[in-house]
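Note sheet for the following structure.
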Amino acid sequence: MNRSVQIVWFKRDLRVVDHAPLAQAARAGPVLPLYLVEPGLWREPDASGRQWAFVRESLVELRDTLARLGAPLVVRAGEAVAVLEELRGRLPVGGLWAHEETGNFWTFERDRRVRAWARSHGIPLRELRQSGVIRGLRDRTGWSRRWDAFMRRPIVPSPERIEPVPAIEPGPIPELPPGLSADPCPGRQRGGRSEALALLASFLDERCLPYQRAMSSPEAGAVHCSRLSPHLAFGTVSIREVLQRAEAALGALDGQREPEARKKAGALRSFVGRLHWRCHFVQKLEDEPEIERRPFHPFFEGVRGLDPDRFRAWAEGRTGWPYLDACMRALAATGWLNFRARSMLMAVSSYQLWQDWREPGLHLARLFTDYEPGIHWPQVQMQSGTTGINTLRVYDPTKQGLDHDPDGRFVACWVPELARLPTPHRLAPWRAPPLVLADAGIRLGIDYPLPLVDAARAAAEARARLWAIRRLPGFSERADAIQDKHGSRKAGVPRPDRRPPRPPGRSGQLRLDL
């Protein structure tokens, strides 16, 4: 083949609509659409079979879509530089196209290797933005304005036709990448763009109505949150497309005074705000990839350890706090949990159980079908109190149950050993009279565990220890530097990163339920 080939490398952007690299490459010549099944990536401790299952379903649909455009998706297993070098040996590669990716630290280092490979062979590498995240940002001044400008650009249409590269076998899409174990998740969401568009339509049409109230409940949130988070994480739909569709639905409600229309408008405004905050958090990891592996504020390094028994009980949903255990078991079975419950899981691990944030963070990453490193690691640290700039957020797992599962129905579903207890005692069985426990056939410590620790006492001790660190000489100066680098400048929006540290007490909670 004499004409130069444009390789379009798909990563977390498994779509053809609003895919600028694909559109521009298609105008430049023959296109080889490429997805790499990278063994090293899928052996990372934050990867799981449920994530791959979602990706695989998305790849199957993407391959069919690309085939209809003329060039089916080519799938190769191997490390990126080795696969790209093999293709360069067979084809006249004229360019490599991709979206910018804010992934885990492994992908950060892999991208460095790919850039070095492209430079060494004189191959133009064009990495284009696909979200409000800005590469090479010096500070957050003007970030919101630039976010708005990018999000309001027209959606890039799918190419009408892609010129294929002849004599290239598409290759199989493996059931599992090498070294990755199967991960049964019976309630997992399915991948693919058609699923994303159906979810978006049903959310904008009707599911969003109780969104603002339902998002705090794992049961109601599973229905009335958009459930687009895995599709945004792996790019079957772009955040810009979601935002513009949501704003169009909001615009259609202008001037309507009916209670339902006003309620819907409030829900959609709330949802649009969370799309903004989504990019705000991903920007933190883009600006500082190391925060996946070390605390934002260095004074928190080594403060906590890891107790294997406590960690295992927390990870398996056997803490003795029924609402927390129900949330963990629901997450294990479905791959999704509403944001408030996610925050509680991480906070209880960090405060009441005094566990270092890294291993619990990896465990949750594997359970989330919608794992987005740029949201996950800043939030893990935020809920663990290691950022140095956020209020310490301490959750009482029993109060959370009383607030968000007052009838104990969610607990009865996911912790069936407590289902026979009357509602008032289902969320705190250790407070139930012995006769009530006996009538329900429950032996605490045998059929269901007692709480691992006294939650109130452990939380108070954790607060005191962390506040003592925050009062150390030099702490505030480092915190100011973190704030200057990562804090939001968006005018008129509540800014949790700009709140001065304050002693224990009631605090608001930023929620990113999508």
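Salt-bridge formation is not detected for the pair E109/R112: no Lys NZ or Arg NE/NH1/NH2 atom is positioned less than 4.0 Å from an Asp or Glu carboxylate oxygen. At a threshold of 4.0 Å, the pair K11-D13 does not count as salt-bridged, since none of the basic side-chain nitrogens sits closer than that to a carboxylate oxygen. Salt-bridge annotation for R329 and E316: absent, with no side-chain N of the basic residue lying under 4.0 Å from a carboxylate O of the acidic one. Salt bridge status for E101 with R110: present, with a side-chain N to carboxylate O gap under 4.0 Å. R76 and E38 are not joined by a salt bridge, as no carboxylate oxygen comes within less than 4.0 angstrom of a charged side-chain nitrogen. A salt bridge links D148 to R152: one of the charged nitrogens lies within less than 4.0 Å of a carboxylate oxygen. A salt bridge does not link E301 to R294: none of the charged side-chain nitrogens sits closer than 4.0 Å to a carboxylate oxygen. A salt bridge between R27 and E163 is absent, with no side-chain N of the basic residue lying under 4.0 Å from a carboxylate O of the acidic one. D287 and R135 are not joined by a salt bridge, as no carboxylate oxygen comes within less than 4.0 angstrom of a charged side-chain nitrogen.
Note that R129 lies in the cation-pi zone of F150, set by a 6.0 Å cut-off to the ring centre and a 45° limit from the axis. Judged by a 6.0 Å distance limit and a 45° cone about the ring axis, R342 is positioned over the six-membered ring of F368.
For the 3.5 Å distance criterion, the side chains of Q355 and E359 fail to qualify, holding no donor opposite an acceptor. In this structure, a donor-acceptor pair under 3.5 Å is absent between the side chains of W357 and Q381. For the residue pair E127/H99, the side-chain donor-acceptor check at 3.5 Å is not satisfied. A side-chain donor-acceptor contact under 3.5 Å links S202 and R207. There is no side-chain donor-acceptor pair under 3.5 Å between T369 and Q51. Side-chain atoms of W336 and Q189 form no donor-acceptor pair, as typed in the model, at a separation below 3.5 Å. Side-chain contact, R15 with Q130: a donor N or O sits under 3.5 Å from an acceptor N or O. In this structure, a donor-acceptor pair under 3.5 Å is absent between the side chains of Q24 and W97.
Side-chain atoms of Q400 do not come within 3.5 Å of backbone N or O of Y395 as any donor-acceptor pair.
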